[in-house]
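Step one of this worksheet: look at the structure below.
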Amino acid sequence: MRIVSLPESWRGRALVISAVDRAESWFSEEELAVARSFRLPKRQTQWMLSRIAEKELRRQGAAGDCVSFSHSGPYGGAAVGSQPVGLDVEAMRDFREAAAHFFLTDDENEVMERCTIPNRLLHFWCAKEALWKQHGGVIPTLKRIPLRLQSEIAGGLRFEGVDTFAGEVVAALTRPTS
Ligand SMILES: CC(C)(COP(=O)(O)OP(=O)(O)OC[C@H]1O[C@@H](n2cnc3c(N)ncnc32)[C@H](O)[C@@H]1OP(=O)(O)O)[C@@H](O)C(=O)NCCC(=O)NCCS
C-alpha cells in the first residue's frame, strides 16, 4: 500500500492511499459482498480503497463514529472523527477557471483569483466538497456552501472550517467543530 503524504496536523484524522496489493484480503466475506454488488470494477476498487483507508486509519488509532470517504483516479481516502467530518481528494488535474461560476459565488471567485497557490480552483472545489459531505449532503448545491478564506498556508489554503493541501493530490479535510 502506498500512503500519500498529508499535513502533520491531519495525522490520525485522515488517510489517503493507493496501490494496495491483495485488497480483498482486508475484508470479511460480508464486506466483499458489498464491494461485489457494484457492477463496475472501477467502483468496486474505489469502494475497497476508501474502506481500506478507513481500516488502516482506525488501526493507527483514529476513533469516532463519523466517517467520510473520497476517491479520485488511483487514490482512495477516508477521514474519521467523533463529529461529522468531510474529506475530498482530487488527483491533480487541470481545472479550467471558466468553470468557477458553477460552484463559487462572485465574491468567492474574487477571493480565489487573488490566491497565488497553483491549482487554486481545485483547492476551492475540494474545500466545498468536503464541507458538503460534512453537512451530510443536505445542502442542494455547492454554490450554497459559504467558503471563507482565512489564509494561504504552506501548500494549502485555510478556510473557515476546512483546510486544503496540495502534494501528490489536492485534498480537503474539515476541521473538528470543537
Ligand atoms: C456525492 C458527491 C460528493 C460525489 O462526488 P465524487 O466526485 O464521486 O466524490 P468522492 O469520490 O470524493 O466522494 C464519494 C463519496 O461521497 C460520500 N457521499 C455520498 N453522498 C454523501 C452525502 N449525502 N453526505 C456525505 N457523504 C456523501 C460517499 O461516501 C461516497 O463514497 P462511497 O460511494 O464509496 O461511499 C457529488 O454528488 C457531489 O459533488 N455533490 C455536491 C453537491 C452538488 O453539487 N449537488 C448537485 C448535484 S446536481
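Atoms within a ligand are numbered from 1 in the order they appear, just like the ligands themselves. The model shown is predicted, which means the values in this text are computed figures rather than measured ones.
Remark: R51 is positioned above the aromatic ring of F69, its terminal NZ or CZ atom under 6.0 angstrom from the ring centre and at most 45 degrees off the axis.
Checking atom 3 (C) of ligand 1 against the protein gives a heavy-atom contact under 4.0 Å. Distance remark: protein heavy atom not present below 4.0 angstrom from atom 8 (O) of ligand 1. For atom 18 (N) of ligand 1, the nearest protein heavy atom lies 4.0 Å away or farther. Under the 4.0 angstrom criterion, atom 32 (P) of ligand 1 counts as having a protein heavy-atom contact. Less than 4.0 angstrom separates atom 22 (C) of ligand 1 from at least one non-hydrogen atom of the protein. Protein non-hydrogen atoms do not reach within 4.0 Å of atom 36 (C) of ligand 1.
Rounding to the nearest 0.5 angstrom, the gap separating the CD1 atom in I145 from the NZ atom in K128 is 6.5 Å. The CZ atom of F124 sits 13.5 Å away from atom CG of L142, with the distance rounded to the nearest 0.5 Å.
Of the protein's non-hydrogen atoms, the one nearest atom 15 (C) of ligand 1 is F69 O, 3.4 Å. What sits closest to atom 47 (C) of ligand 1 on the protein, heavy atoms only, is P140 O, 4.9 Å. In terms of protein heavy-atom proximity, atom 6 (P) of ligand 1 is nearest to E129 OE1, 4.5 Å. In this structure, the protein non-hydrogen atom closest to atom 1 (C) of ligand 1 is W132 CZ3, 3.4 Å. Taking atom 25 (C) of ligand 1 as the reference point, the nearest protein heavy-atom neighbour is K133 O, 3.4 Å. In terms of protein heavy atoms, atom 30 (C) of ligand 1 is closest to H71 CE1, 4.3 Å. Residue, atom and distance of the protein heavy atom nearest to atom 24 (N) of ligand 1 are G136 C, 3.2 Å. Of the protein's heavy atoms, S70 OG, 2.5 Å lies nearest to atom 12 (O) of ligand 1.
A 4.5 Å side-chain heavy-atom check between N109 and H101 finds every atom pair outside the cut-off. Counting heavy atoms from C-beta outward, V170 and M92 have side chains that approach closer than 4.5 Å.
Using a 4.0 Å cut-off between charged side-chain N and carboxylate O, E168 and R2 make a salt bridge. In summary, E54 and R58 engage in a salt bridge, as defined by a charged side-chain N under 4.0 Å from a carboxylate O. Contact check on E108 versus R148 returns no salt bridge, with no Lys/Arg side-chain nitrogen under 4.0 Å from an Asp/Glu carboxylate oxygen.
Residue Q46 places every heavy atom at 4.0 Å or more from ligand 1. For K143, the heavy-atom gap to ligand 1 stays at 4.0 angstrom or more.
Residue I139 does not touch ligand 1, judged by heavy-atom distances below 4.0 Å. Counting heavy atoms closer than 4.0 Å to ligand 1, residue E90 contributes nothing at all. Heavy atoms of R51 found under 4.0 angstrom from ligand 1 belong exclusively to the side chain.
Put simply, the side chain of R175 gets close to the backbone of F159: a donor and an acceptor are under 3.5 Å apart.
Between F102 and W125, the distance separating the two ring centers is not shorter than 6.0 angstrom.
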Would you check, one step at a time, whether the test ring pair (Phe, Tyr, Trp, His ring centres under 6.0 Å) holds for W132 with F103?
-> CA-CA 12 Å; W132 183 87; F103 63 97; over 10 Å; no

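Atom numbering of ligand 1 starts at 1 in the shown order; those under 4.0 Å from a heavy atom of D88 are 12 (O).
Side-chain atoms of S68 and Q134 include no donor-acceptor pair closer than 3.5 Å.
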